[in-house]
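Note sheet for the following structure.
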Amino acid sequence: MRTHDVVVVGAGLAGMRAAIAAHEAGVDVALVTKLHPVRSHSGAAQGGINAALGNETEDSTENHTFDTVKGADYIGDQDAIEILCQRAPLEVYQLEHWGAVFSRQEDSGKIAQRPFGGAGFPRTCYAADLTGLVILHTLYTVCVKYNIPTYEEWFVTDLVTDDSGNAVGVVAYDMIHGSIETIGAKAVVMATGGAGRVYRPSTNAHASTGDAMSLALRKGVPLKDMEFMQFHPTTLAANGVLVTEGARGEGGYLLNKDGDRFMSKYAPNKLELASRDVVSRAEATEIMEGRGVDGCVLLDLRHLGRDRIMERLPQIRELAIAFAGTDPIEEPIPIRPGAHYHMGGVHVDNWGAAPHMPGLFAAGECSCVSVHGANRLGGNSLLEAVVFGARAGEASAAYAQDVGEPDVPSNAAAETQDRIEELLLRENGPRQGEIRDELAAVMQEKVGVFRSDGPLREAKATVTELKEKFQGVVVDDKGRTFNTDLIHTIETGYLLDLADTMVTGAIARHESRGAHSRTDFTERDDENWMKHTLAYLDDGEIRLDYSPVTMTKYEPQVRSY
Amino acid sequence: MARQFAYYPGCVAEFSSKELNATTKALAPLLDIELLPMPQATCCGAGDIAEAKPNLYLTLNVRILSEAEEMGADILTICNVCTLNLRRANKMVKEDPRLLEQVNADLVNAGARPYQGTIDVTHLLWYLATEEGLSLLEERGPRGLNGLRVAPYYGCQLLRPSSVMGFEDPDRPQSLERLITALGGEVADYDGKTRCCGFPIILAREEVALKESHVALSGARDAGAQAMVTPCPLCHLAMDAYQRKTEQLMGEEYAMPVLHLPQLIGLALGLPTQSMEFKRHFTPVDDVLETVGA
Amino acid sequence: MASTTFRVFRYQPDSGESESYHQDFRLDHEEKTTILDALLRIQNEQDGTLAVRYSCRSAICGSCACKVNGKTVLACMTQVEEAKAESGADTLQVDPIGNFAPIKDLVVDMTPFWEKFKAVKPFLIPDGPAPDKERLVPKAAMEKVAKESACILCAACYSECNSLAADPEFVGPAAFAWGYRFAADERDAQRKNRAKLYSGDHGIWDCTRCMFCNERCPKGVDPRDAIEKLGAIAFQEKVTKDKGARHAKAFLISMRQGGKLNEQLVGGYTDPVGGVFNAPLALRMLQKGKLPKSPLTHKVKDRDQVTKLIKNVKETI
């Protein structure tokens, strides 16, 4: 068995940033990823990372904080948001010092910043439309420089706890060698990203299956605010691939079939740059009311001109050509809302520590601090990943320096081995694909942009059915090496758990707030519902509880754009 | 009416593969081509000057383009490397007016003529592999190749990168095959006809280069070719002059005559054998001449 | 609706089969279907043991490079119908990328690729302490490394690299694209050391200029161009001992002498020591009349223009 002081599961932005921070704090930290760090979905982020640098206009961390609090529709924890926004400039400068290739202003050589949704000032730092890729690469080069041990293509199947319930490591399937291995650690940081694959379409990679959230949930750690799923306004109809908000930040228009900039009806001030939930609802409404074009609306970039598009938005142009058959220089791109980011995740504090499990930390999309509340602003996710990734790294390192050697149960790997072998032996039953397809379809239809009680309950019933069906799931590939069928099957189990928390939370929340929009409870209800949902898995059932939102300066106001 | 071209044979065709230059000049009148000399033209730099001084590479090549422009003619090449270098320079300045301005400023400073960006660069193979070119070859060939089994060898730089070259699909080129057939030969097809002969590194990394050559030589041999044909004198040197060395290194035997493209055409069109200077080849072409009936 | 036969490379060490083979799968599909979509459907509907790497399905994670009818592409960005039209075939053969050892089906051992990447020291090595805020970098200077920054490390450029096929230790296109990305970054202080590190055996001068990497790169990185630029940086930093650099120098000397390549010079100058072993070849070349009899090189007309250009053209690398 290998041991490290800190083991970080997931090697995207949050994971690598945590590992770097832990390394700099002087502990022995290792990364574990079911891919390779540079394959992480963080790399698909396009538009940018927010920080109140004030390079384009005057700006302040207070402005950024307020915009985020409002964007979150008032259930973001304001102390955490203050940390996020105050640390933002430092983190962005740190990335630049490490070599990130940010786009620069013409004359000053400073980092360029573009306007983004829900922001009062242009504060989204970008690298053309490859910002996630650039930051991901930058962090990876630092991990290479520091020679941080990385277990590549190790698929984590279990979170291991000792008799007292402390996190003491993980069990993982080494995909290349075909063995089950235990990695013991004094602290475990989860950073496995999102679970967009619960829906279809989704902007998310195939690998975004919410692994850590499910693993934590199964060990008694609650997940917070799971009913809040962000639907990104501009995704390609063919396959859900993302078209960055930056396209609107550069001045793109959203048009309905009559050629109208319909956002003027829904967000007269910010128009296309209102917060994402507002824009997605507007689009969904236009489409539902018959003003769409083939189930989409149109993103028009033609007036930006060839030079601007080639300089600032080259990647999305390639994607539009490849998947929508349209060149945005010549024609508007048909787009529609798609599941993109979920605000919820493993319940952690401002340092990324999980109060329900000593030794467990989480950062990035798989965690919920909460800085995004009911809706996340564009550009704040890359930011959260580095700010709270760093904090989780620091905190987990400090924790590891304090505690003794981890007491890892000797049979941890053996138990997993048995479970997997039992699964592989099964001959008759459904395969994961059909379960996953049905799950994604029901979530898309009944737990989408607009929700109401009837469909939500139907969705819950379907999820319950599917969980039942999953008990008899069969894996086609009985082999040891690189068994992706096995991995997908286990991932489908994760998705089912998470879907259950999402649906259950949605049924219970009788209001509309941020991305959770109900046609039967259309108003925000601060009196009863300005609180976080906590979802526990007790004996196979989801049990809900609630916790208060931390307010510092900002009283809830009417949220209009 | 002869088609006029500014003739750019390149350095190797004039020296260590001078049989190529000689054959091309002898062939031109039979193809209704008038080759105008380019007395000012320097070496294109191969890939080497670009790898040492990229701005100098660009300026020297634009100077060559300008000389042709002054003559009012497109450039005709007979070497893969020259074609890529000239076309690349041409594309760079045609697509970027500011760059052209800078290059012209340097040219004018040195007393040379600025380039307006109006001419094109084409290889003899491209010129002939059109419908008109092929019909011309079919009708002009008194002898024909008499079923000679020929392995086409493209090499690299006449095909890639296709954004610069673009005459045909770089993965499924057909120009040499069509030519061979039009001349009365038989095509010996094989994988490896678009692989590298290694010439660019044959002096600095000989072993690596010869291992590369082996791929095409063995492929052509195993396809039962009686000869290979190539549109590039550098590939010719690698696969002909170095053929014995490759055989020694790889422990193989190829015994493969390698023909320059104009020589293949010359054989079919009945050019006097002497004028094609086969005596300069390392691998004897006697069997080829016998099959063709030369 | 369309129908396609996929002839997929199989290598299944778990099954006891030590040899690889190809297996045919027939699929009915929408007109607009990518190779990746097709492979995943095969995995889902016909054979769950098919192993393939993939994640983002939008050409950014770099997982899914493979060969389709011999041409290296990203499976997620390649339309089945277009691939068929291009190769004029109804069957698509899908193979793993070239120059790597297979682990299982289309999954190859990428270890040498990652090792070579790390070997170029792919991280910023600045001089001195960082400023409080961002280092100011002029827009044009930062844009110098924009192309190379789009590299997604998919290894498509290694798949058909002819130098790599002949020399498995060749460091390779992507690694050098990253090398250039740092050498040309004005915040990096290791330009000369990088030029030294990237020269030598299996380094930049081993690139055979086959241009397959430029042709195949799905992100427009043009790795060969990056290697060329590294050569120019080496010249600027006077790191020119490598035989490959000397070969290029011979061209420059030739230009100064007369404007055309001095072939007698090139051989001897490139490799003054080892070149002795090529004497037999040189002798044969002379005998065959392949070398100019006169040591005086051919001088072009208006040579003074060339001399002035060599002297005055500024290198902006």
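Order of the sequence lines sets the chain letters (A, B, ...), proteins ahead of strands, with each chain counted from 1.
Interface remark: A:Arg197 contributes side-chain atoms only to the contact with chain C (heavy atom separation under 4.5 Å). Proximity to chain A involves both the backbone and the side chain of C:Ala150, based on heavy atoms less than 4.5 angstrom apart. Interface remark: C:Gln12 contributes no atoms to any contact with chain A (heavy atom separation under 4.5 Å). Contacts between C:Lys104 and chain A at a heavy-atom distance below 4.5 Å involve the side chain alone, from C-beta outward. Contact annotation for C:Lys121: neither backbone nor side-chain heavy atoms come within less than 4.5 Å of a heavy atom of chain A. Heavy atoms closer than 4.5 Å to chain A are found in both the backbone and the side chain of C:Pro122. Looking at C:Thr34, the atoms closer than 4.5 Å to chain A (heavy atoms on both sides) all sit in the side chain, from C-beta outward.
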Practice prompt. Before giving the answer on side chain to side chain contact (heavy atoms under 4.5 Å, CB included), spell out for A:Leu133 and C:Ile152 the whole-Å C-alpha distance, their side-chain angles and the decisive distance to 0.1 Å.
Written response: CA-CA 8 Å; A:Leu133 187 75; C:Ile152 58 174; 4.1 Å; yes
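When the candidates A:Leu236, A:Leu130, A:Thr203 are compared by the number of heavy-atom contacts under 4.5 Å with chain C, A:Thr203 comes out ahead. Per-residue counts of heavy-atom pairs under 4.5 Å with chain C were compared for A:Gln315, A:Lys478, A:Glu318; the largest is that of A:Gln315. Looking only at heavy-atom pairs under 4.5 Å with chain A, the residue among C:Ser149, C:Gly62, C:Ala146 that has the most is C:Gly62. Interface summary for chain A: among C:Arg53, C:Glu143, C:Lys118, C:Met110, the most heavy-atom pairs under 4.5 angstrom belong to C:Arg53. Contact count versus chain C (heavy atoms, under 4.5 Å) is highest, among A:Glu153, A:Glu434, A:Gln432, for A:Glu153. Annotation: maximal heavy-atom pairing with chain A below 4.5 Å, among C:Val137, C:Leu124, C:Asn44, occurs at C:Val137.
Between the side chain of A:His97 and the backbone N or O of C:Lys133 there is at least one donor-acceptor pair closer than 3.5 Å. Side-chain atoms of C:Glu134 come within 3.5 Å of backbone N or O of A:Ile111 as a donor-acceptor pair. Put simply, the side chain of C:Asp14 gets close to the backbone of A:Thr481: a donor and an acceptor are under 3.5 Å apart.
Side-chain atoms of C:Leu153 and A:Arg39, non-hydrogen and from C-beta on, do get closer than 4.5 Å to each other.
With sequence neighbours left out, A:His41 forms a ring-ring contact (aromatic ring centres under 6.0 Å, His included) with no residue at all. By the side chain to side chain contact (heavy atoms under 4.5 Å, CB included) test, C:Cys56 pairs with A:Ala205, C:Ser58, C:Ile60, C:Cys61, sequence neighbours left out.
The contact list for residues 182-191 of chain C toward chain A, using heavy atoms and a distance under 4.5 Å, reads C:Phe182, C:Asp185, C:Arg187 by residue number. Close approach to chain A, defined as a heavy atom under 4.5 Å from one of its heavy atoms, is seen in C:Cys76, C:Met77, C:Gln79 of residues 72-85 of chain C, taken by number.
Salt bridge annotation for A:Glu311-C:Lys139: present, with a cationic side-chain nitrogen under 4.0 angstrom from a carboxylate oxygen.
To the nearest 0.5 angstrom, C:Leu50 atom CG is 9.5 Å from A:Asp477 atom CG.
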